[in-house]
Number of protein chains: 2
Amino acid sequence: MNNLNSTFSALADPTRRSILARLAQGESSVGELARPFDVSLPAISRHLRVLESAALIVRERRGKHRVCRLDARAMVGASLWLDFYSRFWSESFDRLDKHLKQTRQLKPGKGSSNANTKKR
Amino acid sequence: MNNLNSTFSALADPTRRSILARLAQGESSVGELARPFDVSLPAISRHLRVLESAALIVRERRGKHRVCRLDARAMVGASLWLDFYSRFWSESFDRLDKHLKQTRQLKPGKGSSNANTKKR
DNA sequence: TATTCATTTAACCGATATGTTATCTAACCT
DNA sequence: AGGTTAGATAACATATCGGTTAAATGAATA
């Protein structure tokens, strides 16, 4: 439904993330997807419904089976959202860092650098 | 706690995403953060606790106020996770596309291209 | 057509999430 | 000390989530 809402809440469940991991390697039927998990088939079926309504997978009837495929477009959307904030954050972090260096006369370099402030 | 779990479920709530949006523009006190929302202060306080335990914000007592700052490192982690799957997906999409072109002798170009298969 | 296989839907249950109001707690100000 | 301000915590109601078992659906097959 609502894009980010449903995307993030679908991704919040580890079983669903595992299912997506499996689907990243290729399409799969419901039964195959369920096998590695220790939960009932209806439970998996519901996870798949959640993933589908978050547009993270597509399902297609193929004969007696129902085949699921990953559709990562929603992930791209979520990733862009995250990137926007990360960038905003790291820029303000850089500004703060610079400000501290200026005002406190720190030696530039190792001491105040942070692995996560790299621009991407 | 568990990284992706808590990150994604913290991000699944629109109020919390709004709070993060506000914090991307700079630190803010709890009261300031609460003002634009139509919910009680305790509700906001709990949202902030969720964000803090997902390591998306840090809080610091400053006199009578408690100031919140964005910490986007967890977002970077989530974004990398998403990127991995998106890339995997678009590559296999490309393979499929190529395969179809080869086997069905489609004219390369417009017809079978898809805006979402671009490599990033 | 009856049976079987693959999966979904229904009905239910306990745990968790989100919101509310009322009650602390901690820092600041006379 | 006593009062005010800024937030957190407690106690509670309600909704949603994730799981279960039992029953229904829909396509393939004997």
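FYI, side chains are in, hydrogens and waters are out, and symmetry mates aren't considered; it's all heavy atoms of this structure.
- Atom CZ of A/Arg16 is separated from atom OG of A/Ser9 by 7.0 Å, given to the nearest 0.5 angstrom.
- Note on B/Ser29: only backbone sugar-phosphate atoms sit closer than 4.0 angstrom, heavy atoms only; bases stay farther off.
- Note on B/Leu4: it clusters hydrophobically with A/Leu56, by side-chain heavy-atom contacts below 4.5 Å among ILVMFWY residues.
- Atom CZ of A/Arg62 and atom P of C/dT7 are 12 Å apart (whole Å).
- Distance, A/Asp13 CG to C/dT16 P: 14 Å, rounded to whole Å.
- C/dG19 atom C1' lies 12 Å from atom CG of B/Asp38, rounded to whole Å.
- A salt bridge does not link A/Glu27 with A/Arg59: none of the charged nitrogens is closer than 4.0 Å to a carboxylate oxygen.
- In this structure, A/Ser45 contributes its side chain and A/Leu41 its backbone to no donor-acceptor pair below 3.5 Å.
- Heavy atoms of A/Arg59 sit under 4.0 angstrom from primed sugar atoms or phosphate atoms, though from no base atom.
- Rounded to a whole Å, the NZ atom of A/Lys64 is 10 Å from the P atom of C/dT7.
- A straight line from NE2 of A/His65 to P of C/dC5 spans 11 Å, rounded to a whole angstrom.
- Salt-bridge check for B/Glu60 with B/Arg69: passed, with a basic side-chain N closer than 4.0 Å to an acidic carboxylate O.
- In 5' to 3' order, the nucleotides of DNA chain D bounding all contacts with chain B (an atom under 4.0 Å from a heavy atom) are D/dT5 to D/dA11.
- Rounded to the nearest 0.5 angstrom, B/Cys68 SG and B/Ile44 CD1 are separated by 10.5 Å.
- Distance CZ/A/Arg87 to CE/B/Met75: 13.0 Å, rounded to 0.5 Å.
- No continuous path of hydrophobic side-chain contacts links B/Phe8 to B/Val50 [ILVMFWY only; heavy atoms under 4.5 Å].
- Heavy-atom distances under 4.0 Å link DNA chain C to B/Pro42, B/Ala43, B/Arg46, B/His47 of residues 42-51 of chain B, given in residue order.
- Counting to the nearest Å, the C1' atom of C/dC24 and the CG atom of B/Leu41 are 15 Å from each other.
- OP1 or OP2 of C/dT18 lies within a sub-4.0 Å distance of a side-chain N or O belonging to B/Arg16.
- Formation of a donor-acceptor pair under 3.5 Å by the A/Arg61 side chain with backbone atoms of A/Arg66 is not found in this model.
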